[in-house]
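Structure, as structure tokens:
Note that the structure is predicted; figures quoted are calculated from it, not measured.
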Amino acid sequence: PFDGADADGLVRAADDALYAAKRGGRNRLAIAGEEMPSEHMSATGIDPALQAQILSSSTMALAASATEEEVVRVGAQSLGRLLQKVPGARAAVLGRAEGNLQVVAPGPARRLEGEELPDILGSRILSPVPSQMVVPGPELESLFPVISGADHMTVSVAPLLVRDEWRGALVTTSEQPLPHATLGTLSLLAAQLSTALENCELREAARATQQRFSFLEEQLRHKALHDPLTNLANRVLFSEQVDLGLRRRLRSGKPLAVLTLDLDDFKTVNNSLGPARGDQLLVEVAQRLGSNLRSADSLARIDGDEFAVLVEEDGREDALRVAGRILDAFEAPFLLQGREIAISASVGVAFSDSPDQAAEDLIRNAVVAMHIAKAGGRAGCEIFEPSMHSALLERLELRVDLQRALDCDEFIIHYQPILALADGRLDGMEALIRWKHPTRGTLSPAHFISLAEETGLIVPLGRWVMREACRQ
């Protein structure tokens with residue numbers, strides 16, 4: 001193992017041997033770790049071809065360095081290889097640590113207080129300009145403790161700059177001044193390390209930016225798929241959950257049910273107590289429903305005062321038990337700022353009977369059953385049947401026809417006499433409204449009064465009856 005026992009170290013050692021063989025002439029064999037004299041050696045024992053090879057191999061190693069620590073390690077290794085033939089050579093990679101210097105490589109990191117270095121050495125190390133100077137040996141002992149007994153040493157400094165800001169320096173010592181070519185190689189190596197450090201900072205900044213974008217994207221997705229008032233899943237997310245449940249049902253064969261519920265007379269609470277109290281009631285309802293459901297059940301708010309539950313368990317009875325727990329949850333009144341509010345809910349249940357059923361169709365069937373339950377009275381529960389769909393369509397058509405009937409005078413009044421039982425005398429009359437529907441014939445109030453109440457048409461309809469009865 002050369003330069004460490006890793007694959008990159010072995011490749012670099014083989015490259016060194018290849019360059020050594022080329023320098024020796026044709027058909028030469030060089031073995032890594034063994035000297036091969038070259039006529040191109042400089043006075044300091046540094047081979048220019050080896051310098052080029054070191055820069056080349058450090059470029060490849062730095063390209064794969066992901067952290068500043070890895071960059072410094074590669075720099076220290078390359079610096080050591082560059083100066084291995086230089087008499088009295090010592091090398092260090094310096095960086096800044098909380099206002100002071102830190103020897104980050106080679107060996108364990110250690111801090112240097114600013115006053116430990118001579119002024120001239122400190123100013124040169126922190127300078128953005130490469131330099132070379134002669135320094136008394138004892139003054140270098142704080143930086144290189146292994147130096148002892150040397151009168152003077154040549155110190156060469158190549159700064160590490162990132163966007164023109166000092167990040168560190170390559171510092172070397174030698175008995176003789178380094179030749180110009182070697183200083184150039186030192187500066188090129190420093191430039192490589194500076195670029196690698198900048199790339200590390202850019203990667204870290206890009207990673208931080210990506211994390212921020214991921215966080216924002218997750219927030220936007222959460223807002224897009226959740227109800228802002230109750231923080232429950234909204235209709236879009238609930239539809240996705242039902243769709244996934246239907247896919248699981250194809251593999252497992254287990255039944256799946258969707259329950260929808262609507263608060264009875266919520267409009268009255270909202271109008272009498274105000275929208276803020278109405279919103280508070282919806283939050284309380286969501287919390288109470290969540291506490292009464294199982295962890296496997298999915299709860300969502302799909303419309304104003306409509307909620308939905310996805311049940312994926314065994315048997316229809318299980319879904320009906322969930323529906324029972326939902327109705328029981330409304331038996332106790334809700335407390336809103338010291339005021340007790342009693343409210344009930346109507347529940348519709350739909351089961352997945354067809355293998356190719358769509359999620360929206362299943363939700364719609366549950367809503368249809370819920371409206372049928374609501375039309376039948378408070379706190380009811382209905383299971384969807386195919387006939388309900390046609391009944392609901394008929395009801396929707398009647399709602400549209402009802403508005404037209406008021407405008408077109410399609411209503412008439414029948415009078416029911418009120419007689420005194422003692423002598424049969426006529427004491428008064430009861431005015432009974434009837435709807436002469438153009439296609440359905442004469443309809444009794446049972447067919448349209450509830451629709452008039454839901455749509456608010458009950459008020460103008462009542463006024464019409466009073467005026468017409470008095471006129472007649």
Side-chain angles (χ1 to χ4, degrees), residues 222-223 226-235 237-238 257-311 317-350 363 366-384 395 399 445-446 449-459 461-462:
H222 183 84
K223 289 182 178 180
H226 290 79
D227 171 46
L229 178 64
T230 62
N231 204 34
L232 295 177
N234 61 13
R235 189 182 185 100
L237 180 56
F238 185 72
V258 169
L259 290 72
T260 58
L261 63 121
D262 182 86
L263 304 184
D264 299 326
D265 283 340
F266 175 74
K267 184 181 294 186
T268 302
V269 175
N270 209 38
N271 292 339
S272 59
L273 300 181
R277 294 284 182 88
D279 288 347
Q280 185 183 354
L281 176 60
L282 291 175
V283 173
E284 294 287 338
V285 168
Q287 293 175 351
R288 186 176 293 186
L289 287 174
S291 63
N292 280 273
L293 296 176
R294 303 161 302 182
S295 59
D297 301 329
S298 301
L299 176 63
R301 180 189 176 204
I302 59 175
D303 206 349
D305 61 334
E306 291 183 15
F307 296 83
V309 180
L310 173 63
V311 179
E317 295 78 9
D318 192 72
L320 295 179
R321 281 194 294 270
V322 173
R325 283 200 297 271
I326 290 174
L327 294 176
D328 293 342
F330 289 88
E331 290 185 355
F334 292 87
L335 188 63
L336 302 181
Q337 296 182 352
R339 182 194 297 267
E340 287 190 352
I341 304 296
I343 196 167
S344 59
S346 300
V347 180
V349 184
I363 297 172
V367 171
V368 168
M370 177 192 71
H371 283 296
I372 297 298
K374 197 173 184 69
R378 292 171 173 267
C381 178
E382 291 288 342
I383 300 174
F384 176 78
R395 187 175 177 84
R399 291 181 68 166
I449 288 298
S450 61
L451 283 176
E453 291 174 342
E454 290 178 12
T455 58
L457 292 175
I458 191 67
V459 175
L461 189 60

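In this structure D279 satisfies the side-chain contact (heavy atoms from CB on, under 4.5 Å) test together with L229, L282, sequence neighbours excluded. Checked against salt bridge (Lys or Arg N to Asp or Glu O under 4.0 Å), R288 has no partners two or more places apart in sequence or in another chain. Not counting sequence neighbours, the partners of S450 by the side-chain contact (heavy atoms from CB on, under 4.5 Å) test are R395. For D328, there are no side-chain hydrogen bond (donor to acceptor under 3.5 Å, both in side chains) partners two or more places apart in sequence or in a different chain. With sequence neighbours left out, the salt bridge (Lys or Arg N to Asp or Glu O under 4.0 Å) criterion links D297 to R294.
Separating the CD atom in E382 from the CE atom in M370 is a distance of 12.5 Å, to the nearest 0.5 Å. Here the OG1-CD distance, from T230 to Q287, works out to 9.5 Å after rounding to the nearest 0.5 Å.
Across A319 and L259, no two heavy atoms sit closer than the pair O-CD2, 3.8 Å. The two atoms that bring S298 and F238 nearest to each other are O-CE1, 3.8 Å, heavy atoms only. Of all heavy-atom pairs spanning P275 and N270, the tightest one is CA-OD1, 3.4 Å. Of all heavy-atom pairs between V368 and F384, the closest is CG1-CE1, 4.0 Å. The minimum heavy-atom distance between G290 and L299, with the atom names listed, is N-CD2, 3.8 Å. Shown here for A286 and L232, the closest heavy-atom pair between the two residues is CB-CD1, 3.7 Å.
Residues L289 and F330 form a side-chain contact, since some pair of their non-hydrogen atoms from C-beta on lies under 4.5 Å apart. Side-chain contact between L320 and I383: present, with at least one pair of heavy atoms (C-beta onward) separated by less than 4.5 Å.
Judged as a side-chain hydrogen bond (donor to acceptor under 3.5 Å, both in side chains), the pairs with a partner in residues 337-349 (not counting sequence neighbours) are, in order, D264-S344, D264-S346, R277-Q337.
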For this session: Could you please spell out the steps behind the side chain to side chain donor-acceptor pair (under 3.5 Å) verdict for N231 and H222?
Result: CA-CA 9 Å; N231 204 34; H222 183 84; 2.9 Å; yes
